[in-house]
Structures are given as C-alpha cells and as structure tokens.
Amino acid sequence: MTVEDALALVNAAVAPEYLNDVQELIFCQCWLGKTYQEIAAESGYTHDHVRWVGAQLWQSLSDIFGEKAAKSNFRAVLTRYRHKHPHDLSRIAPVSSRHLPLTGTPQSSTVELPMGPVPLGSPFYIERSPIESRCYEAILQPGALIRIKAPRQMGKTSLMARVLHHAQTNGYQTVALNLRQASVSLFSNPERFLFWFCATVTYQLGLPNRLADSWDEIFGGNSNSTRYFEKYLLPALNTPLVLAIDDTDAVFQYPELATDFLGLLRAWY
C-alpha cells in the first residue's frame, strides 16, 4: 500500500471529519520512516508539538480501527484493516498535494482552522493574559509546578507547548509525555506504569536505559522512580529539566495508580 492509498484510507475512515495539515504531514512522514526529530527539523514545528500531534493521531487511529495503533505499528494496523474491510479506493477522491510529505516549512494558499494543538506562531492561538506571562515566569523558577486545568478543546496542550518553548529558549531541557500513549494494561499496575514513565523520560532524553540495574521491587515504584531520577537522570544533565505531562486525568479512574503517581509528583514538588 502506498502512502497515498494509506492516507486515502484514513481520510475515508474518519469522514466526514478529516486530518488537518499537521496530522497529514506526520502521517506521511512516519509512513516513510521519518523520526519525530527529523519531521520537526524539516517542517519548522517544534519536536514537542510534532510528538503531541502524533500521540493524538495514533489515539484517533486506535479508536477508528479498533486496534492499538502507534508510530511503530500503524502501517501494519492499516494493512490488516484494509484486508478485513476492503475499500474501493477508486471511489475516494485523489489525495491532493497538501497531503504529501513536505520539506521545508509547511505552507498553504488557504487558511485552515487547526484541529488539535495550535502550532507556535499560529494566528489562531489567542493569548489569555496574564496566564502566558505568569507561566513563562514560573517555569524558570527552581522547583516550579504549573497545573493547567480546563475543559477539553480549550487550548491546554497549546499553552503547554508555548511554556516548553519558552523553557527551551532559556536553555532548559524539556520532556513531554502524553499519558494516553501508555498501554491500558499499565494503568492497572502502578509499578509497571512508573517503570514505563521512567523509561519514556529516559528515551526522550536520549540516555541509555539503566532501569534494569536501578529498579529493586522491594522499594516500590515511587522510591525506585525517585532514586532513578536523583542518581541517574538528573546528574546526567547539565541544564534544568522541565517535565510536561499531558492528559494527566487519564489516571483518575485508577485510584491505586492515581494515589501513587500523583503522590510521587507532589513529593517531588
């Protein structure tokens, strides 16, 4: 299946909705084997923004196709779906040029309302003064904690992207996680969830995973996580670390996990 056929299949499956330009860009580039870092470098979007949009895209595909989809397996998911549910692609409108992999900064002759996080510099992002300035000031303080609460589609992730960008421009290291990316099975096992949490942060920092040498079950997930950060991750960095966690409310329906994980964050703060 070509990238054009795959994109047509997805757009047909989500109709009457459709993927926006950024989602299509990430879909096409990931189909061709590009990393998020490469996509960000070629497109002009930040790495965090590309990763966030990607996470939401894979979640949407999981919901649509009834199978867990991720960057590592979405090609196989679509292929299996196509075999089980044959689509007559000849009846689907041809993929326009805006859907194809891009190089350089994305440009369009028409203005399209964003779906999902709003890119940096987008004219559609509306600042809510003094919220942004307060966040920018707070994030540079040692031990800062910022909690963003609002209903869905109110711009929480877009604001988070701007706070992280501000931290990056001041020389801080940043890591962004979306808890919707975690396997559902992890939420019922706090120990394994915290192991995933530490492993994901390690991966995003580009460091070797040393959890196997550092994790001792007798101490529990919270103590192991704290020790792993204190003894390995933080000393390996030469700049302050900003950790951003999106969709934190995903843990609320798992009381044991919520108690452990949110308690850990409070203890770190």
Side-chain angles (χ1 to χ4, degrees), residues 20-26 29-30 34-59 71 102-108 111-150 152-181 197 200-207 233-234 236-248 265 268-269:
N20 64 25
D21 284 349
V22 185
Q23 291 170 325
E24 290 184 358
L25 168 66
I26 293 173
Q29 296 282 33
C30 287
K34 295 291 186 68
T35 66
Y36 285 151
Q37 192 67 51
E38 290 172 332
I39 296 171
E42 294 176 1
S43 68
Y45 294 109
T46 68
H47 183 220
D48 289 331
H49 182 68
V50 170
R51 189 167 58 243
W52 273 328
V53 175
Q56 292 185 336
L57 174 60
W58 310 137
Q59 183 59 56
K71 184 177 183 294
L102 304 178
T103 57
T105 303
Q107 295 180 352
S108 174
V111 176
E112 182 176 338
L113 290 173
M115 298 174 62
V118 180
L120 298 176
S122 170
F124 293 108
Y125 182 79
I126 301 175
E127 290 198 4
R128 287 153 290 192
S129 181
I131 294 177
E132 283 81 4
S133 59
R134 290 176 59 191
C135 289
Y136 297 158
E137 180 180 352
I139 201 61
L140 301 183
Q141 302 302 315
L145 173 66
I146 298 175
R147 185 174 61 171
I148 303 172
K149 295 178 62 177
R152 292 182 59 82
Q153 305 301 318
M154 291 297 291
K156 298 185 296 298
T157 301
S158 298
L159 173 58
M160 184 184 295
R162 283 152 178 79
V163 174
L164 288 180
H165 178 70
H166 182 73
Q168 292 168 354
T169 58
N170 281 272
Y172 286 26
Q173 179 77 49
T174 64
V175 168
L177 298 90
N178 188 313
L179 296 193
R180 303 291 178 185
Q181 290 180 293
F197 173 74
T200 304
V201 174
T202 304
Y203 172 78
Q204 291 199 27
L205 290 174
L207 296 172
L233 292 185
L234 295 180
L237 305 176
N238 54 16
T239 62
L241 172 65
V242 176
L243 179 62
I245 305 173
D246 205 4
D247 284 327
T248 311
L265 298 181
W268 284 358
Y269 173 58

Rounded to the nearest 0.5 Å, what's the gap from [atom1] on [X] to [atom2] on [Y]? Could you check?
X	Y	atom1	atom2	value
Leu57	Gln23	CG	CD	5.5 Å
Asn238	Gln173	CG	CD	8.5 Å
Gln56	Gln181	CD	CD	10.0 Å
Thr202	Leu207	OG1	CG	6.5 Å
Ile131	Ile146	CD1	CD1	11.5 Å
Ile148	Ser158	CD1	OG	10.0 Å

Work out which heavy atom in [X] is nearest to a heavy atom in [Y]; give both atom names and the distance.
X	Y	answer
Gln204	Ala176	NE2-O, 2.8 Å
Lys71	Lys34	NZ-O, 3.1 Å
Gln168	Thr174	NE2-OG1, 2.8 Å
Gly54	Tyr36	CA-OH, 3.8 Å
Leu179	Thr248	CD1-CA, 3.7 Å
Ala138	Ala144	O-CB, 3.0 Å

From CA spacing to verdict: side-chain contact (heavy atoms from CB on, under 4.5 Å), Leu243, Leu177:
CA-CA 8 Å; Leu243 179 62; Leu177 298 90; 3.3 Å; yes
Yes or no on side-chain contact (heavy atoms from CB on, under 4.5 Å) for Asn170 and Ile139, after CA distance, side-chain angles and deciding distance?
CA-CA 10 Å; Asn170 281 272; Ile139 201 61; over 6 Å; no
Walk me through it: do Leu140 and His166 pass the test side-chain contact (heavy atoms from CB on, under 4.5 Å)?
CA-CA 9 Å; Leu140 301 183; His166 182 73; 3.7 Å; yes
Counting neighbours of CZ on Arg134 that are heavy atoms of other residues, nucleotides or ligands and sit closer than 6.0 Å, is the number greater than 12?
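It does not: Arg134 CZ has 12 such atoms or fewer within range.
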Derivation and outcome, side-chain contact (heavy atoms from CB on, under 4.5 Å), residues Arg162 and Glu127:
CA-CA 10 Å; Arg162 283 152 178 79; Glu127 290 198 4; over 6 Å; no
Would you say the side-chain atoms of Lys156 pair up with the backbone N or O of Ala150, donor to acceptor, closer than 3.5 Å?
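Yes.
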Students often mix this up, so state it plainly: with edges at 30° and 60°, are the rings of Phe197 and Trp268 parallel, tilted or perpendicular?
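Phe197 and Trp268: tilted rings.
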Going by heavy atoms in the side chains, are Leu233 and Leu241 under 4.5 Å from each other?
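No, too far: nothing below the 4.5 Å cut-off.
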